[in-house]
Every structure is written in C-alpha cells, then in structure tokens.
Protein chains: 4
Amino acid sequence: MTPRTEEQFEEIREEKKALIKNVALELFASDGYYDSSISKISKRAGISKGLMYNYFTSKEELIKEIIFDGMDEFVKVFDPNKDGVLTDEEFIYFIEESVRILKSNIKYWRLYFSIIFQPTVMKLVEDKSLEMMTPFYKILLDFFQRKGSKTPGIDARLFTSMMDGVSLNYVVDPENFPIEEIKQNIINMYK
Amino acid sequence: MTPRTEEQFEEIREEKKALIKNVALELFASDGYYDSSISKISKRAGISKGLMYNYFTSKEELIKEIIFDGMDEFVKVFDPNKDGVLTDEEFIYFIEESVRILKSNIKYWRLYFSIIFQPTVMKLVEDKSLEMMTPFYKILLDFFQRKGSKTPGIDARLFTSMMDGVSLNYVVDPENFPIEEIKQNIINMYK
Amino acid sequence: MTPRTEEQFEEIREEKKALIKNVALELFASDGYYDSSISKISKRAGISKGLMYNYFTSKEELIKEIIFDGMDEFVKVFDPNKDGVLTDEEFIYFIEESVRILKSNIKYWRLYFSIIFQPTVMKLVEDKSLEMMTPFYKILLDFFQRKGSKTPGIDARLFTSMMDGVSLNYVVDPENFPIEEIKQNIINMYK
Amino acid sequence: MTPRTEEQFEEIREEKKALIKNVALELFASDGYYDSSISKISKRAGISKGLMYNYFTSKEELIKEIIFDGMDEFVKVFDPNKDGVLTDEEFIYFIEESVRILKSNIKYWRLYFSIIFQPTVMKLVEDKSLEMMTPFYKILLDFFQRKGSKTPGIDARLFTSMMDGVSLNYVVDPENFPIEEIKQNIINMYK
DNA sequence: AATGAATGAGCCTTCATTCAT
DNA sequence: CATGAATGAAGGCTCATTCAT
C-alpha cells in the first residue's frame, strides 16, 4: 500500500531496460535491424509495445544505446591508456584481449559489423565509433614506429584490417572458425 | 518495319534489366537495401513501378540477381580453375587480381559486405556464395600445403580473413585506405 | 498533531484541483486540447500522472470543469438577474463588464472559443453553455423591446454577434486589438 | 489493353483528390481535425488508407490544401482589387457578397473558424491567411477614411469584428441564425 | 494520497505488390 | 510493353487510462 520508493522505481527501470536491450541485441544480431520490429522485440521481452517507449524514445535510440554500451564495455575492459605505449608483451596482450572481448560478446560484434554497412544506422553511431577507435590506432601507430617500421601507418592499417577480417569471419560462423589457432598465428607473425 | 526478332527483344530486355540493376546497386550501396524502395529505384531508372515487376518478380529477386551477377563476374574475370594449382607467381597474381576486382566495382562489394550481416537478405544468396567461394578456398588450402605449412587450413583462413578485412576497410572508405601499399605488404608477407 | 478535519482535507483537495486546472487551462489555451497530454499537464503541475485521476476522472472531465468554472465565474461576477431589466446605464455597464471579464481571463476565453468548433469537446459543455447564456439573451431581448425596436430578436443577435466577434479578435491577438476604443465605439453606437 | 494516357491519369487524380478533399472537409467540419482520422476519411471516401498518401503527403498537407482552396475561392469570387477603392455601393456589395460566400460554403467556414484556435493547425496556414486578408483590410481602412472617420482603423476593426461574430454565429447554427435580417441591419447601420 | 510502470487501442505513414487500362 | 492508381499489411509511435505498490 505504501508507494514504491524512488530506488525501487530506479531498480525496475534498470532491470527492464537491460532486459529490453538484451532481447533487442539478440534480435538485431540474428534478424537485422530492419527485420526486428519494435513489436517483435516487445513480444519477445514479454512487455507491451507502448512500454518500449517508456524506456527508449525511439527505435534508433534503442540501437544506439546498445551499440554505445558495447563500446563503453570495450573501452572499459580494454583500456590501452596506461602510458600510451605498447611494449611487445602488451602488443601480444592486445591481440589476446581483442579475441577475448570478441568471444565474450559475439552477438554484439555481429551487430556492430552489420551496421557498419547500413548507412542509415551507421550515421547514428559513427561519431562515437571514431572517437573510441582513434586512441587505439594512435598507440598502434606508435608501436610500429618504435619497432623500426618505415611505413608504420601502412603496417597499422594492415594489422587492424586483419583483426577486422578475423573478427568478421569469426562472428559470422563462430562454431567453425578456428579463432584460437588463428590468434596464435597472428601473434607469431609479429614476433 | 520488319518485326523484331525474338533475339532482339531479348537483347532489349536484358539491356533494360542491366540498367535497372545498375541503378539499384547504386542505391542499395549508398542507402542500404531497406531504405531503397522500389518506387525510388524505378523513378531513378526512368521506368514505372509496375514495369519493374515485369523484369524482376520481387525486390528480393532484384537484389539476388545483382549479387549473383557480381559473383559470376568475380568467377569469370578471375577463374583460378586452370589446373587447380597455385604457383607462387599465381598466388601473387591472386592477390593482385583480388584488389583489382575490388577496385573495379567498389559499390558492389560494399553491397556484398552489407548483406553478409543482414540475415534476411543473406539467406537469399548464401548457397551460391558458398558454392562460389569453395573452389578458391580449396586451391588456397592446396597452395599452403605445398608450401610446407603444417596447418594449411589455419593459414588459408587467416589469409582469406585478412583479405576480407582489407576489402572491408577499403570499401568503407576507399579515398583514404592505402590499398596499393597494403597489397604490396601482403605480397611481401607471403614471399 | 491533531488530525485534520474533513473540511481541511476538502480544502487541500480543492486547492490542488485549482492548481491543476490553472496549469491545464494554460496549456489547453496555448497548445490546444489535443496537443496537451495528461502527462504534460501533470508534469507541469508537479504531480504524478496517476494522481490526476484522483482529482479528475478523465481528461474530458478536466476540460469540462475548467469550462464550467469559467462560466460560473462569468455568471457570478456579472449577474444581470437583479430585476431582470436593463436600463440604459445597465446596458452600458453590461458592455463594460463584458470587456472587463474578457480582459481578466484572456486564456479562458481563448479556450472557450477554441472548443466551440471542436464538436467532440463542445458536446461536453453545450447544455450548460446554453443554460448560462439564455438569461442574458432574454434580458437583452427585453432591453431592445423597451427601446422600441421592431425586431428585438434580430437586434439582440446582432449585438451578441458583435460582442462575440470583438471578443474573438481580442483573444486571438490581445496585444494589437484596440479593445478599449472598440468598446467606446460600441457604446456610442447604442446611445 | 492500351495503357491510360497521361490525361486520363490526370483526370483520375483530380477527381480523386477532389473527392478526398470533399469528404475530409465534411469530416473536419463536423468532427474537428483531430477526431477525423485518416482512417475515417479514407473509409468514408471509399478508398484505402494507403491511397490517401498517393494524393496528399500528410494529414497536415490535406487540411492545408482544403483551407487554401477555400481561400483561393474567396479571393477569386470576391476580388476587391478593381481599383482598390470602395464606393458606398461597393461597400454594400461587400457585405452582401460576404454573406453569400458564407452561405455558399458553410462547412468550409466552420472549419476555418475551428482552426483559428488550434495553434498547431493554425500555424500551417497563418501566413497565407494573413496575406489573403490584408488587402481587404486596407481597402476598408481607406473606405472609412474617405467617409470622414477620425478613427478609420478602429472603425474597420469593429466592422470586421462584427462580420466575424456574425459569421461565427451563423456557421455554428445556420438553421436558426437570421442571417438575412442581420445583414440588412448591418447595411442600414452604415448607410 | 501518491507514484510511475504498464497497457492497448489507435494514430499517421510507408511500401512491396497487384491490376485495370 | 507500360503506366501509375490502388491495396493491405505492417511499422513506429502516442497517449488516456489502469494498477501494483
């Protein structure tokens, strides 16, 4: 009979938002953004369509939050900004971590790759995406420079492209892609 | 006023289809599949909406044909099935040709990557995609085997992944990606 | 901590209702009935959406009460039922009072005019509106009769129409409408 | 079997647009803008909801066109811009014409009044409304000036207000409002 | 008395597809 | 072969109202 406290409301909100985002990520990743209607998502989440808009102002906002959450997670678990310098060991760690992160949230990265090529959706997140990726790239550049590369920019882009390609192939078919062996190969390549 | 022969009709028909496919590819690549309506495409192609259905039974059919055309082109211009064996020179040729093909039809490959992650669309073409790619993969496998690799499967997948990653990064931003230098680096890598 | 008496509760309740009605009037008048959601109104009033329904059983009920309040106010501050007869001085007073009332609650009259043409809303209040206006009309009729008019009904309707028109133009643009001068003109007209 | 000619299409379009506008005017006038859904209108017009958007890009566009049509009609049938000067006879004609126009399209004027107080809707047409009304007002001003009025601006505003009030009362209840007698009274008033 | 999460009906709009001509 | 009017299902979204707490 006593009304809910503010904390209770907050808790409900957080839980429900998380639920919706999980369901939506699942659906976006498996069916794509356009084939995952708000109706489908809400049904899967066991809530009414209308309630979706209590938590997200729009479908765009929903995917944006999902993508941003993933980016934040990425930056958080894998913050390279210790001193801004990569030692050889750290470079290996970099590769290992990348694969670990990839494996820990396959669906997210599937979704991430899927939107890179959907101009309408990509526009929503490209600013933040760039902002997130730039520091990584800088450190890589610096790494190849110190390793004595004459074309560190090229080397860095080739390396990141390779990582992209590996990631892409992995998330498309995680069951059959030999991610661990590939990782070892890459590490050996740069030793 | 001699009546046109059946071949002439067929030719006209094919030309019109080609025109439509070009326009559609352009739009699909720049706006995405879902944001490119039949209405928009037909207007750009200078024909009526109804006529579209005279040439393609559905929007799915349209994108399917576009993708298939691209695959056929790929197989045609770059047929590795001479003897099914890659020499070292041929492997380099393989890389060079891949890049050339990529550069020759950036929009197509953009579209191709975009649908890989759109399950609904990908389902339409995945059979043919697999069928097209398998022979390439087999030859690569053989190549790494003959080169004395202990893990030719891994090597082959890493190589194709790298090519994928490079391609992906190139088509996303062709202006700024140093495709030629990257290509040289890859060639050196496998020498 | 003596428990509040029932009257005190009632008083608090009425104050809250008045607050809500003020906020709602403001919003209805500025944005229109349909563009003023219960959500907006309650937020502006500083209470929860749910509580609104403790005071008003529906949105319709809310506007109804607002309109009725205005009518009651009108009848109260400007009760012509002294003896049911208008002298010449009283007729002038009638005009003066009309303008004064108009000026004292522009927003209300704006709202009032706005609903006259919204059948769905008007239906809610038309009975009371008629009931309120009839006595005024009767007295006016009587006034023109005593002034020797051969068509007192016509005269009365023309007069009220004119007052309506003036009111309408005033509330639409109070800043620029020369209400005082117009009032003087009308008074002179009937002298 | 032969396709329709361009003229035939044009004819269909014009007829259907007119049909929709008629139905919509009817409904807007009787139920108000917000209570007349596209769904209702299309049903009443005997067409599918989707087709509405073949003819009008939005509901706003629909009401805008209806209102603009009415304004154009008004300006057309009653163009005061002969020499920009009103003689006494012309002033009477002005009044007569106003009433005639009012009577000839009651629903339209009902709608017109209804939107004046719906800010959201009014915004759509206020520019054109102003543009349409200004010349009339100027001529009136000039008329009262030439009649020797010391306050032509006031006189003009009072006159137009009166006409507004009369119009308003008439369109609200055309059956019972004695429009013809009122008109005679107004004419006598300014003689 | 008070909260805001939750519902569900309905709104405007889009679009692949069909069809009469 | 060619047109574009017409359909209908579905989509994103809003909002008055209810309800558990």
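Atom P of nucleotide E/dG4 and atom CD of A/Glu6 are separated by 7 Å, given to the nearest angstrom. With rounding to whole Å, C/Lys43 atom NZ is found 15 Å from F/dA16 atom C1'. Between the P atom of E/dT17 and the CD atom of B/Glu61 lies a distance of 11 Å, rounded to the nearest Å. Per the geometry, CG belonging to B/Leu62 stands 15 Å off C1' belonging to E/dC15, to the nearest Å. In this structure, A/Phe9 places its CZ atom 11 Å from P of F/dT21, rounding to the nearest Å. Taking atom CZ on D/Phe56 and atom P on F/dA5, their separation rounds to 13 Å, with Å as the unit. Counting to the nearest Å, the C1' atom of E/dA16 and the CD1 atom of B/Ile63 are 14 Å from each other. Across the protein-nucleic acid pair, A/Glu10 atom CD and F/dT21 atom P stand 19 Å apart, rounded to whole Å.
Atoms CD1 and CG, from B/Ile20 and B/Leu25 in turn, are 13.5 Å apart once rounded to the nearest 0.5 Å. Rounding to the nearest 0.5 Å gives a distance of 8.0 Å between CD of B/Gln118 and CG of A/Asp35.
Here the side chains of A/Leu111 and A/Ile63 are in contact, with some heavy-atom distance below 4.5 Å.
Put simply, D/Arg13 has no side-chain N or O that comes within less than 4.0 Å of OP1 or OP2 on F/dG4.
C/Lys59 forms a cation-pi arrangement with C/Tyr33, by the criterion of a distance under 6.0 Å to the ring centre and an angle within 45° of the ring axis. A cation-pi contact links D/Lys17 to D/Phe56, judged by a cut-off of 6.0 Å to the six-membered ring centre and 45° from its axis. Both tests hold for C/Lys128 against C/Phe68: distance to the six-membered ring centre under 6.0 Å, angle to the ring axis within 45°.
The two residues B/Tyr55 and B/Arg13 come nearest to each other via the heavy atoms CE2-CG, 3.6 Å. The two residues D/Leu62 and D/Ala24 make their nearest non-hydrogen contact at CD2-CB, 3.9 Å.
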Only Watson-Crick and G-U wobble pairs with both distances less than 3.5 Å should count. Give DNA chain F in dot-bracket notation, marking inter-strand partners with |.
.||||||||||||||||||||
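In this pair, C/Phe117 and D/Phe113 present their aromatic rings parallel. The plane angle is below 30°, not in the 30 to 60° band.
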What string of B, S and - do you get for nucleotides 6-13 of chain E, 5' to 3', when a contact is any protein heavy atom under 4.0 Å?
BBB-BSBB
